[in-house]
Number of protein chains: 4
Amino acid sequence: MAGSQIGTLFQVATFGESHGLALGGVVDGCPAGLELSEADLQGDLNRRRPGQSRFTTQRQERDEVKILSGVFEGRTTGTPIGFIIENEDQRSKDYSEIKDKFRPGHADFTYWSKYGNRDYRGGGRSSARETAIRVAAGAIAKKLLRQAEGVTVRGALTGMGPVVIEPSRWDWAEVERNHFFSPDAGSVGEFEAYLEGIRKAGNSVGAFLEVHAEGVPIGLGEPVFDRLDADLAKAVMSINAVKGVEIGAGMASGHATGVDFADEMRPGVDARHPEFVRNHAGGILGGISTGQPIVIRFAVKPTSSILVPRQSVDVHGQACEVVTKGRHDPCVGIRAVPIAEAMVAMTLADHWLRWRASKPL
Amino acid sequence: MAGSQIGTLFQVATFGESHGLALGGVVDGCPAGLELSEADLQGDLNRRRPGQSRFTTQRQERDEVKILSGVFEGRTTGTPIGFIIENEDQRSKDYSEIKDKFRPGHADFTYWSKYGNRDYRGGGRSSARETAIRVAAGAIAKKLLRQAEGVTVRGALTGMGPVVIEPSRWDWAEVERNHFFSPDAGSVGEFEAYLEGIRKAGNSVGAFLEVHAEGVPIGLGEPVFDRLDADLAKAVMSINAVKGVEIGAGMASGHATGVDFADEMRPGVDARHPEFVRNHAGGILGGISTGQPIVIRFAVKPTSSILVPRQSVDVHGQACEVVTKGRHDPCVGIRAVPIAEAMVAMTLADHWLRWRASKPL
Amino acid sequence: MAGSQIGTLFQVATFGESHGLALGGVVDGCPAGLELSEADLQGDLNRRRPGQSRFTTQRQERDEVKILSGVFEGRTTGTPIGFIIENEDQRSKDYSEIKDKFRPGHADFTYWSKYGNRDYRGGGRSSARETAIRVAAGAIAKKLLRQAEGVTVRGALTGMGPVVIEPSRWDWAEVERNHFFSPDAGSVGEFEAYLEGIRKAGNSVGAFLEVHAEGVPIGLGEPVFDRLDADLAKAVMSINAVKGVEIGAGMASGHATGVDFADEMRPGVDARHPEFVRNHAGGILGGISTGQPIVIRFAVKPTSSILVPRQSVDVHGQACEVVTKGRHDPCVGIRAVPIAEAMVAMTLADHWLRWRASKPL
Amino acid sequence: MAGSQIGTLFQVATFGESHGLALGGVVDGCPAGLELSEADLQGDLNRRRPGQSRFTTQRQERDEVKILSGVFEGRTTGTPIGFIIENEDQRSKDYSEIKDKFRPGHADFTYWSKYGNRDYRGGGRSSARETAIRVAAGAIAKKLLRQAEGVTVRGALTGMGPVVIEPSRWDWAEVERNHFFSPDAGSVGEFEAYLEGIRKAGNSVGAFLEVHAEGVPIGLGEPVFDRLDADLAKAVMSINAVKGVEIGAGMASGHATGVDFADEMRPGVDARHPEFVRNHAGGILGGISTGQPIVIRFAVKPTSSILVPRQSVDVHGQACEVVTKGRHDPCVGIRAVPIAEAMVAMTLADHWLRWRASKPL
C-alpha cells in the first residue's frame, strides 16, 4: 500500500494535489442504510474552509463537495462513496522564485529526494489542502457513529503559543461561536491579540488541540498492535504538522505514581457498566475502549511558511534565502480542529465495524 | 485483521499468553541472505529479561528463543521466520483472591467486556510478557537495517517520576552500563534512591524514554496516511502503558513560533545531502525521512499493579478492594527500552522495504 | 476492507454505479517518473467501449477519462492517480416493470439480501460498467510493465459457444483487426454468423478467453498464499460473469500423467536463464514466475439479460416472469478481453513492486 | 505482505519448512467462545496424514498438533491461536545427488532465482508439508462455521487421470470410507487398479476434486474485487499443484447459452428465501452467496517427483538427468481433499466475519 488509504473495514482513500483539477476521496465500508447527503459533508467542510477570518489563508475556495457514488435515494447503498472537490483557485502565478528552493520545514526536500520530482505549485500532494477530503470522509464517519451508537466526536483549540486555556474554563458550547474553535469565550480576545502580533511580524505559531469522543461502546480496539489508542495515535499523527499525541494523562504520566494514577472503579448502573472515578486512561485500557470519554490531545507545529527570511539550499545544493510569500495561515492549528475530529471519527468507525465482526459466539 | 500483526512488507505477528505453554512470533518479509542465528535475538531478549535487578519483577524466565523456520545454513531464506519462547515460570498459585476483581488500570475489565472471558492468570494476552516476542522480532529488524544500510536504533530511559536527565548530560555509551538504561551515569544513583522509596511504599512510577535512529536513508515513509511519523507513533503507542508519543520537538511545538522552529538548511556533502542546522522535525518532513536522526520520545504510565489497596468492582458489579500482590516492576518504563527499540526498528524495516519498491523509474 | 480495492503495493480502487454521476478509480503505488497521459488510458477504454458493433450493447458512452491527480508535467509523481469517467447515457426510463423483480443470473437478489436496498437502474454497482475503471487502471499497469521490464500483456477471444479456435491457428496480430478480438481471421465469419443467430433469438452465449504475458521477469510471486497464480486467479475470477480460471494446462492437468506433464529444461543463454521445453506450468512454478510466458485461460458465462422470458420471483416472494429488455451484449465475453488484460496487468504490476522490495541482500 | 497470510478478519498465517524443526500456524480473528481442543484439529490432520495407504508417501509423521495459545478453559479467548507440528521424520540422507539440480515441475528453480538460496532438503518451504498447517487452521474455520451457522464444508476426489465419476453416482457418505475420498464406492477399485499401474511405472497422475459448502448464509462476499468466488479461486489456486478452478458450471459456461444457463427462481419458504431451480451459479451471484450450495471444482497436476528420468539443468546451467527417488505420492490429488476443504472453510469464515461487520443499519 502506498499509504493513501486508512482503515481496515471503514476504509478511506484520498487523492489529489493542491493545484490539480480536483481532490477526491473514497469511503469504502460504510454500511448500507445510513441517510446521507452532500449537506452532511459540507457542514464540516465549511468549518475547515479557509478565508473565513484574517487568521486563515485568504485563498478563496468554496470547497463544494460532489458525491459521485454510493448514495441512492438518500441512503448509503453499502458500496463505495466516491466524492470530489474541484480546485477553483488555481491562481496562475510565477513560481520561478521558489521553484528550485527547499522551504525549511516543508516536504519539498523529502518529496524531491523520494520521488525525483516536485510539484512546486503550492506543495502538491503534501499541501494541507488534501485534508479537506479527510474532513468530508470524517463527516460520514461521524454520522455513522452518531446514528448507530449515539457517539459524539468534537474538538477544540485549547492553546496557542503561550496562551493555554485551563480545563476548568472549557465550555464545548463556545467552540462553534468563535473563529478559533476556542472552548473559552474569554480567551478569544487573547488569542486574537497574540495572533495579530505574530501575523504582522510575518511569523507563525504552534497550537494545542483536544478531541473528545463520548458514548463510545465498551470493547472497541484490538490488542496487540491495532489497539484503539495506537490507531488513534497514527490517525492524528498523520495530520500535517502534528508533532506529538497524548491519550488521557499523556506525557505527564511519566511523572506520576501508581497510587495517584489509578483510575479506581465503583459500582455503576449495572455489572457491565461500572463507574470510573477518574479518567487518566483517556477511555482506553489494554488498547480497548472502557466506555469513558476518549480523550486525545496533540500539538501542531508553527506554519513553516513565513515571511521572515530563512536560510536554505536549492536543488543544486547552493545556499539561498527563502521567504514564503502568499496566503498562509499564521496558525495552522486552528483549522486542524475539524481535521482531527475527522481522523478520530474514521478510526472509531473502523473499530466499530471490527467490533461488530468480533463479537463472541 | 484481528490486530496481532504489524507492518505491510516486514510483517510481524505475535501470539501467546503470559501463562500459556509458549509465546511465539512470525516475521514474514525479511529478505533472503541475512546472516541470522538465535544469538542475534537472544541479545535483546536478555536486555529485556526480568529478574536482573531488584527493580524489575522477580519472575524467573530465561526467555530462551528457539527459531523454528526461515533460517537455513546460517542465513535467512526469504520465507517466514517462526520462533517461540516457552513459558517456564507458570507458577501454580491461588488466583481465587483476584479472579473476579477488576484491577484498576489493567485490561481486566475491557477484555472481559469485549471477549466475555478473562484469563485471570497474570493478564493472559494483555500481559507485557507478549513484548518479549516483539523484542525478538525487533532484533531481526535491527540486524537487517544495520547490514543493509548501516542504520542504528537505540533507546534510553531519560526520566522517571521527578528525575529527568538533561540532554546535555546524555552519553549513549552509558546506557548499557547500568540497569536503568540511563544515558547518564550520574543519574543512576538518583534513579536508584528514588525508585527504592517507591518500591518500599508499595507504589510505582512512570517514566520517559527516547529512541534515536541514525543512518536512516532519505525517503522512507509514504504520504498521506502511512507517514513514517504516523507509523512510528502507532508502533510506540502499541506498547503496553505508553500514553504519549512525540516526534522531534514534540508537544513543545505548540508553544513555538515559526521563526524559531524552522530547521534551516545549508549546503552539505553534495546536492542530494544538504545539512540541516537543527532537528525540530525529528528527522521527518511531510511524513518522509530527511536523513537526519529520527527522534522519538514517549511516556510510560506507572505500573498499575501496586501493593497499596485501591477501590474497584468485581464481575458481579460489587464494590471491592484490590491489592496486587506478586512480582511486579515498580517502574515498567525501564524494561520498555528494548521494546521501544524493537518497535521503531520494525517500523523502519517495513518502510525500508516499501522504499525499495517505490523507487522512481 | 469492503472489497473495492485490489493489490498490495500497486493498489487499484474503483467506485461508481452504472447510472450515477460518474465512475472513478484511484491507482496508488505507481512509481514516479512514468510518462503518462489520458491518451494512454483512452486507448484501452476505446477497445472496451460499447456500441462499436451490433454485437455489443448499443448504450452510447464515450467513456472519456479525465485524470484528476498524480500526473504532473507529463509524468507520474508517485502519488495517487485519481481519474473519473462521467456517465453520459443515464437515459431516463421507466423502471416500474423490473424494479421489484429479481433477474435470474443477476446480482439483484444477492445485493438486495445483503444491503437491504437495490439500485434497479441497470444494476448499479454490480453492472459491468464498473469494469471501465479497471481497464483504465490496467492501462497504467501495462505501461509501467512495458517501460520498466518490456513486459507485454495481451488477450484474445478463443471460443464462443460451440466455436473454439485451435491454438495452431492463432495469430496475435489479428486480434486488433476484428470486433471479436479473435486471433484467427478465418473464425471471424463463424463467430459472426453464430452470434447473429443467438442475438435474433433473444438469447446469449458464453465465451473462452486467454491472456498471455510475455517478458515477465523470473521471481515474481510470493509463496504461500499470495502465489502469482493464486492472485491471477482471484483477479480474473473477480471479473463479472467469469466461472472458471486455468493456468497453463489448466483443468486438463487432472487427466495427465507426470511423465507427459513434466516441463523439462535444457541449457539456455546462461545459468540463470535455462530453457523450458514446454509450458504446461503456464509460466509459474511454486507460485513464482519462471520467465516463460504466463498463460491464463478462462470462461465467461452467457449474458444473463435475455429477451426470452424466464421464471423468477419478486421482492414480495411472488412468482413472476422476467424479460430483460434494453441494450445488452449477446456475448459479454467479447468486451471482457481488455478487462482481463487489465486484471492480469494490475496483478503483475503489484507483484513486480513486491519483487523489487524482496530482493535478497 | 510476504504472502504467508490469508484472510482479512479470519487471518491465517503459516510458517515452517519440510525439514526444519517444526511447522506452525497462527489463526487470528476467531471469535471468543468457541469450544476448541487439539482433537478438533487432529481429526482433519489425520485425514491428510501420509503413510496411510500405499498410494501416499511413506514418510512417517504423526502430525501431532500442539496448541500454544488462544484457548483457555476449553474455549477460544478471541486472541491468536498459535499451534505447531514438530517434524519427526527429518531423515538424515544424502542430498548430493539432487542438491544442485532443478527438478522439472518443482519450485527448485524459481526459489533459487528469487531468493538466491535453495533448501534442497525436500523442498523446504515449497513442500506440500506446509499444507498440514492449513488443514489445522481450516479445522478451526470449519468448527466456527458449523457452530455459528450450521455450515458444512466437505470435499471429494471425483476423478483421476482417465477415471471420472459421474455426479449421479456420488454419495457423500462414501467419502470417509475409502482411502481415495471417493464419493462412489464402485469407483474405488478402478482408482486402485489404475493408480497401482501408475505407481509401478514410476509415473504419477493428476486428479479432479470438488468441495461443497452447504448452509452458507445469503450475503457473504464483497463486490467488486473481494467477491466470494474470487477469494475462493485464490484460496484453492494457492494449494500446491492446482492448475484450474471452477465455480458452479465452471469452464463449460463458455459453451452455454443464456436460455439454458439461467438459474430460474420460484417462491420459497418466505420472501427472503426464494428457491433456485438449478445452480449453474455455484451458489454465488455478483460475488455474493445466494444461500444455495457453494460448489468448487478444481484440477491438480500429476506429482512432479517421478522415478522416470527427465531432462533438466543444474545451478551451473549444465544439462543433467533428474530422477526423484524417495517417498512420493503417485497422486497428490488424494491428500488435497482435506486441504481444499480447509481453504474453502477459511475463506468462508473470513467472509462470515466481514458479513457480520457489514450488516445494514
Side-chain angles (χ1 to χ4, degrees), chain C residues 2-4 6 8 104-105 107 110 113-114 116 126 203-208 218-219 222 224-227 229-230 233-234 237-238 243-247 250-251 253-254 256-259 261-265 267 271 274 285-286 288 299 301-303 306 308 310-313 316-317 319 360, chain D residues 1-4 6 104-105 107 110 113-114 116 126 203-208 218-219 222 224-227 229-230 233-234 237-238 243-247 250-251 253-254 256-259 261-265 267 271 274 285-286 288 299 301-303 306 308 310-313 316-317 319 360:
Chain C
S4 301
I6 197 164
T8 295
T110 51
S113 298
K114 183 180 184 74
S126 71
N203 203 345
S204 64
V205 68
F208 297 96
I218 306 172
E222 308 280 338
V224 173
F225 294 116
D226 292 357
R227 291 169 188 245
D229 39 4
K234 172 172 176 168
M237 192 66 96
S238 81
K243 301 302 292 179
V245 181
E246 303 182 309
I247 306 288
M251 294 303 292
S253 313
T257 71
V259 170
F261 200 83
D263 292 337
E264 293 182 303
M265 300 160 87
L285 283 174
I288 299 170
K301 71 176 184 181
T303 318
I306 51 177
V308 178
R310 298 284 88 186
Q311 297 306 311
S312 190
V313 295
H316 311 295
Chain D
M1 295 167 240
S4 301
I6 197 164
T110 50
S113 299
K114 183 180 183 75
S126 72
N203 202 347
S204 64
V205 68
F208 296 96
I218 306 171
E222 307 280 337
V224 173
F225 295 116
D226 293 357
R227 290 170 189 244
D229 38 4
K234 170 171 177 168
M237 192 66 97
S238 81
K243 300 303 292 179
V245 180
E246 302 182 310
I247 306 287
M251 294 302 292
S253 312
T257 70
V259 170
F261 199 83
D263 293 337
E264 293 182 302
M265 299 161 87
L285 282 174
I288 299 169
K301 71 175 184 182
T303 318
I306 52 178
V308 178
R310 298 285 87 188
Q311 298 305 312
S312 190
V313 295
H316 311 295

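Chain letters run A, B, ... following the sequence lines, proteins first and then strands; every chain starts at 1.
- C:Gln311 places no side-chain N or O within 3.5 Å of a backbone atom of D:Glu264 that could act as its donor or acceptor partner.
- Ranked by heavy-atom pairs under 4.5 Å with chain C, the first of D:Ser253, D:Gly116, D:Ala319, D:Ala107 is D:Ser253.
- If you measure heavy-atom distances from D:Arg310 to chain C, the contacts under 4.5 Å come from both the backbone and the side chain.
- For the residue pair D:Pro274 and C:Val313, the shortest heavy atom distance occurs at CB-CG2, 3.6 Å.
- Looking at D:Ile218, the atoms closer than 4.5 Å to chain C (heavy atoms on both sides) all sit in the side chain, from C-beta outward.
- Ranked by non-hydrogen atom pairs under 4.5 Å with chain D, the options C:Gly206, C:Ser312, C:Gly254 are led by C:Gly254.
- Contacts with chain C were tallied for D:Ser238, D:Ala262, D:Ala271, D:Ala233; D:Ser238 has the most, counting heavy-atom pairs under 4.5 Å.
- Looking at C:Ile306, only its side chain comes within 4.5 Å of chain D, counting heavy atoms on both sides.
- Chain C forms the most heavy-atom pairs under 4.5 Å with one residue out of D:Pro267, D:Pro104, D:Gly286, and that residue is D:Pro267.
- D:Val245 approaches C:Met251 most closely through the heavy-atom pair N-SD, 3.9 Å.
- Not counting sequence neighbours, D:Ser126 has no partner by the side-chain hydrogen bond (donor to acceptor under 3.5 Å, both in side chains) test.
- Both the backbone and the side chain of D:Val259 come within less than 4.5 Å of a heavy atom in chain C.
- For a residue to count as touching a neighbouring chain, one of its non-hydrogen atoms must lie under 4.5 Å from one of that chain's; by this rule D:Asp229 touches chain C with backbone and side chain alike.
- Separation of atoms CD1 (D:Ile288) and CZ (D:Arg227) is listed at 8.5 Å; rounding is to 0.5 Å.
- Of the listed residues (D:Ala299, D:Gly219, D:Ala230), the one with the most heavy-atom contacts under 4.5 Å to chain C is D:Ala230.
- Of the listed residues (D:Asp263, D:Thr257, D:Val308, D:Thr303), the one with the most heavy-atom contacts under 4.5 Å to chain C is D:Thr257.
- The nearest pair of heavy atoms linking C:Lys301 to C:Lys243 is CB-CG, 4.0 Å.
- Between chain D and the options C:Ala256, C:Gly105, C:Gly244, heavy-atom pairs under 4.5 Å are most frequent for C:Ala256.
- Residues passing the side-chain hydrogen bond (donor to acceptor under 3.5 Å, both in side chains) test with C:Lys234, sequence neighbours excluded: D:Asp226, D:Asp231.
- Contact of C:Ala207 with chain D is made through the backbone alone, with heavy-atom distances under 4.5 Å.
- Chosen from C:Ser113, C:Gly258, C:Pro360, C:Gly317, the residue pairing most often with chain D at heavy-atom distances under 4.5 Å is C:Gly258.
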